[in-house]
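Chain naming here is simple, since letters A, B, ... match the order of the sequence lines and numbering starts at 1 in each.
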Amino acid sequence: MTDNTDLYPYLKTLNESQRQAVLKTDGAVLVLAGAGTGKTRALTTRLGHILNTRTALPGQILAVTFTNKAAQEMKERVSSMLGGMDVGHWWIGTFHSLCAKILRSHAPLVGLTSNFTIIDTDDQIRLMKQIMQSHGMDTKQHSPNAVMGMVERWKDKAQNPADVKHEHSGDLAGGRVAFLYGEYQERLRSLNACDFGDLILHVITIFKDTANGVLDQYHHRFTHILVDEYQDTNVAQYLWLRLLAQKKGNICCVGDDDQSIYGWRGAEVGNILRFEKDFKNAEIIRLEQNYRSTPNILEAANGVIANNASRLGKNLWTDKDKGEKVQLNGVWDGAQEARMVTDQIERLKRNSIPYNEMAVLVRASFQMREFEERLNYCGLPYRVIGGARFYERMEIRDAIAYLRTVFSDTDDLAFERIINTPKRSIGDKTVRDIATFGRTNNLSLFQASKQMVGDGSLRPAVRTALGDLLAQFDRWKDLRDDINHVDLADTVLNESGYITMWQNDKSVEAKGRLENLKELLTAMGEFESLDEFLEHIALVMENQEKNDGDRITLMTMHGAKGLEFHAVFLPGWEEGLFPSQRSMDEKGMEGLEEERRLAYVAITRARKFCHISHAANRRMYGSWVSSIPSRFIGELPEGPIEIGVDGQLSAGYTHHNQHNDNTSSSFGARFKQRSSFNGNGREEAVHFVQASPSVNTFTSEGGYKKGERVFHEKFGSGLVISVENDRLEISFDKAGRKKILDRFVKPLGKAQVQ
DNA sequence: TAGATACAGCCTATC
DNA sequence: GCTGTATCTA
């Protein structure tokens with residue numbers, strides 16, 4: 001080992017476990033890398049070391065990541081380690097892009113041609129909807145979305161339609177999901193298209209059929225396999241890896257079971273938990289020395305995650321100074337929470353912490369609005385990460401649909417999208433008629449349209465409109481070889497009237513949409529051909545994160561995985577919101593543990609300062625909801641926590657309160673009102689006071705009667721006009737009729753009017 | 001066919 | 001409370 005470090009100086013910069021992870025280059029290795037333990041460093045050094053020692057040539061390494069960003073980063077770091085070597089053509093990429101590459105070379109083996117299209121979520125749903133409708137199913141009663149979701153989970157498990165039994169459909173769509181899955185796959189094949197799941201599934205199918213020799217070919221090619229974020233792999237990806245690794249067995253998977261937060265999209269923590277069983281003589285290396293956070297932050301995170309039963313177990317440590325304690329605050333409502341956070345942000349800024357080093361991480365994106373409003377009000381610069389991505393925007397998808405139609409007569413999904421955009425008086429009925437005609441004559445929508453315009457089976461108005469459109473497409477198709485794809489796109493968007501449509505649109509967004517279309521043309525210019533561009537947008541749809549200046553980051557906890565900040569704010573730690581009621585309802589204990597891992601991920605994003613908060617009242621979907629502090633708050637160890645510097649309501653916080661026993665926490669008892677988080681979204685708005693309350697606002701007076709006069713802190717005095725359990729309908733003298741919970745009003749006589 | 005109205009559902013999100 | 005969609009009606 002000492003010899004090695006002399007020979008390879010870069011090994012000196014690693015700790016003992018990291019060095020092991022780099023040097024164990026043969027056999028199966030699982031690197032359990034806790035948050036902030038220098039995982040990426042170990043990983044890229046390992047790659048570089050394998051090449052440096054001539055253990056493998058660049059072309060013999062397969063490195064798999066989950067995001068393009070991660071792949072890009074790995075490429076850059078390995079390249080710079082090797083003195084700027086060109087890594088452009090190396091097999092470093094996402095599961096999907098690597099699979100697409102493989103599949104394009106062997107597409108006929110699964111009944112596709114090499115120029116198959118990759119459809120996205122939007123197309124998937126539309127296709128499934130069409131299929132359901134063509135089988136006479138009511139898509140209002142049975143959601144295509146839910147059906148598609150179930151199909152995707154099957155795909156995640158590498159189950160083909162033949163593997164899925166009728167009874168697996170459950171109650172969904174009248175138990176016909178398995179059937180619809182088969183239909184869907186058939187339709188995709190006839191469209192020469194794949195969805196994301198298929199990219200992996202088809203390659204597995206090809207690999208498994210040993211007669212074609214394809215797997216042999218890749219066994220020969222790849223001697224070393226490297227996988228990042230292994231805890232996020234689904235069963236299909238795991239099978240894909242195992243097939244590729246089974247010959248040489250040199251596979252190194254890096255991951256952290258405690259950071260598995262994508263179970264809802266098919267990831268299997270099980271893949272990492274049973275690694276030793278699946279790969280012979282597997283070695284597990286733990287990276288536990290954390291270089292990111294203070295001991296206080298780590299202790300808080302360790303304390304929470306220790307409540308999870310199913311984990312491989314690992315404990316982060318650091319030799320840093322204790323640092324500031326994690327702050328915990330309870331406040332009255334969401335608005336006060338946002339005020340408190342911005343106050344803290346301003347305090348940190350005064351202490352020379354740049355905004356770039358601060359992040360507000362929320363559980364659900366609806367929470368962001370409150371912070372955006374407050375940040376705007378305070379004039380603090382921020383950036384929101386997440387939300388609709390560039391290529392998912394309507395205008396971009398429309399523009400691409402035009403181009404796809406120009407380049408393919410058989411791309412029904414694309415043609416259908418724009419056949420009446422802008423409006424050409426070609427309505428649903430006409431489109432359905434054409435589709436039916438196409439199906440019976442085995443023609444695509446485009447081809448069927450042509451025929452029907454020719455044979456006069458359409459109404460004159462429709463016939464003219466459709467005929468004009470088809471003539472335009474013919475002209476554009478002729479232009480394909482004469483002008484470059486950017487000019488072509490420009491021509492198509494202008495001549496089709498699509499640009500004009502947005503120019504005439506008076507809505508607020510129209511201007512932005514036109515700008516996006518311009519940006520699309522610029523982006524296209526960076527590619528040689530339209531095909532290349534389309535492959536890019538299908539597989540490399542990264543979010544352009546403009547690094548424009550010093551700004552506070554506002555994002556979801558999920559989005560924050562892999563990032564770190566000096567200061568992290570974690571608002572909304574309330575039962576029902578976090579942990580999310582829905583996760584628990586749908587997945588029970590498993591769902592709860594995943595939420596807890598999310599808490600662990602969130603806390604460990606912080607380097608120096610972490611601030612957790614919860615509000616007693618929050619506006620959700622238009623109505624006010626009260627909730628008790630998150631059970632995760634009760635799981636925080638006492639030592640590293642400092643309570644209630646700002647929020648007077650946190651005084652009642654107690655440690656180690658049991659999940660199911662809110663009464664053991666005085667805080668919980670005080671706020672134990674409506675635990676109804678889900679299912680109540682549609683109820684009448686229940687207005688709570690928004691001003692800072694005195695505690696006795698919460699004591700229920702109870703027993704109001706119709707006709708009684710009452711006082712409300714915000715709405716003033718009023719008359720009770722109906723009583724339903726604890727809900728009162730009150731006609732206020734000034735504020736009008738409101739529905740109010742009885743505990744928020746007082747009998748008028750006792751009210752203390754300021 | 002298109003605009004008007006009713007109504008359900010609303011988390012997390014990569015490729 | 002907002003938005004996307006399904007249905008109704010001119």
Do A:Lys69 and A:Glu73 sit within salt-bridge range, that is, some charged N less than 4.0 Å from a carboxylate O?
no
Most 5' of A:Gly559 and A:Val431 on DNA chain B, judged by nearest nucleotide
A:Val431
Nearest-angstrom distance from the residue atom CD1 of A:Ile261 to P of B:dA13
9 Å
Under 4.0 Å, counting only non-hydrogen atoms across every strand here, what does A:Ser583 touch: a base, just sugar-phosphate, or nothing?
base
Taking only side-chain nitrogens and oxygens of A:Thr556, does any of them come within less than 4.0 Å of OP1 or OP2 of B:dC11?
no
For a quick check of understanding: with a heavy-atom distance under 4.0 Å over all strands, which category does A:Glu229 fall into, base, sugar-phosphate or nothing?
nothing
Which residue lies more 5' along DNA chain B, comparing A:Val462 with A:Met557 via nearest heavy atoms
A:Val462
Identify whether a stacking contact exists between A:Trp264 and B:dT12, where the ring centres must be under 5.5 Å apart and the planes under 30° apart.
yes
Does B:dC15 have OP1 or OP2 under 4.0 Å away from a side-chain N or O of A:Asn68?
yes
Check the interface with nucleotides 6-10 of chain C: list each N/O to N/O pair with the protein under 3.5 Å, or write none.
from: C:dA6; atom 1: OP1; to: A:Lys129; atom 2: NZ; distance (Å): 3.4
from: C:dA6; atom 1: OP2; to: A:Lys129; atom 2: NZ; distance (Å): 3.4

d(CG, A:Asp156; C1', B:dA13) in whole Å:
13 Å
Respond yes when some side-chain nitrogen or oxygen of A:Asn420 is under 4.0 Å from OP1 or OP2 of B:dA2, and no when none is.
yes
A:Ser580 side-chain N/O to B:dT12 phosphate OP1/OP2 under 4.0 Å:
no
Ion pair present between A:Arg513 and A:Asp398, side-chain N to carboxylate O less than 4.0 angstrom?
no
Does a salt bridge link A:Asp122 with A:Arg417, judged by any charged N lying under 4.0 Å from a carboxylate O?
yes
Taking atom P in both C:dC2 and B:dA13, what distance in whole Å separates the two?
22 Å
So, A:Asp198 and A:Arg189, do they make that salt bridge, N to O below 4.0 Å?
no
Using only side-chain N and O atoms of A:Ser365, determine if any of them is under 4.0 Å from OP1 or OP2 of B:dT12.
yes
Under 3.5 Å, is there a donor-acceptor pair between the A:Asp195 and A:Tyr184 side chains?
yes
May I ask you to decide whether A:Arg582 forms a salt bridge with A:Glu595, counting only side-chain N to carboxylate O separations under 4.0 Å?
no
Any strand counts, and the cut-off is 3.5 Å on both contacts for Watson-Crick or G-U wobble. Which nucleotide pairs with C:dA6?
B:dT5
Lys/Arg-Asp/Glu bridge criterion (N-O < 4.0 Å) met for A:Glu594, A:Arg597
yes
Ignoring backbone atoms, establish whether A:Arg619 has a side-chain N or O less than 4.0 Å from OP1 or OP2 of C:dG1.
yes
Scanning all shown strands, the Watson-Crick or wobble mate of B:dT12 with both distances under 3.5 Å is none
Spacing of A:Phe366 atom CZ relative to B:dC10 atom C1', expressed in whole Å
10 Å
Within the 4.0 Å heavy-atom criterion, would you say A:Thr121 contacts the bases, only the backbone, or no part of the nucleic acid?
base
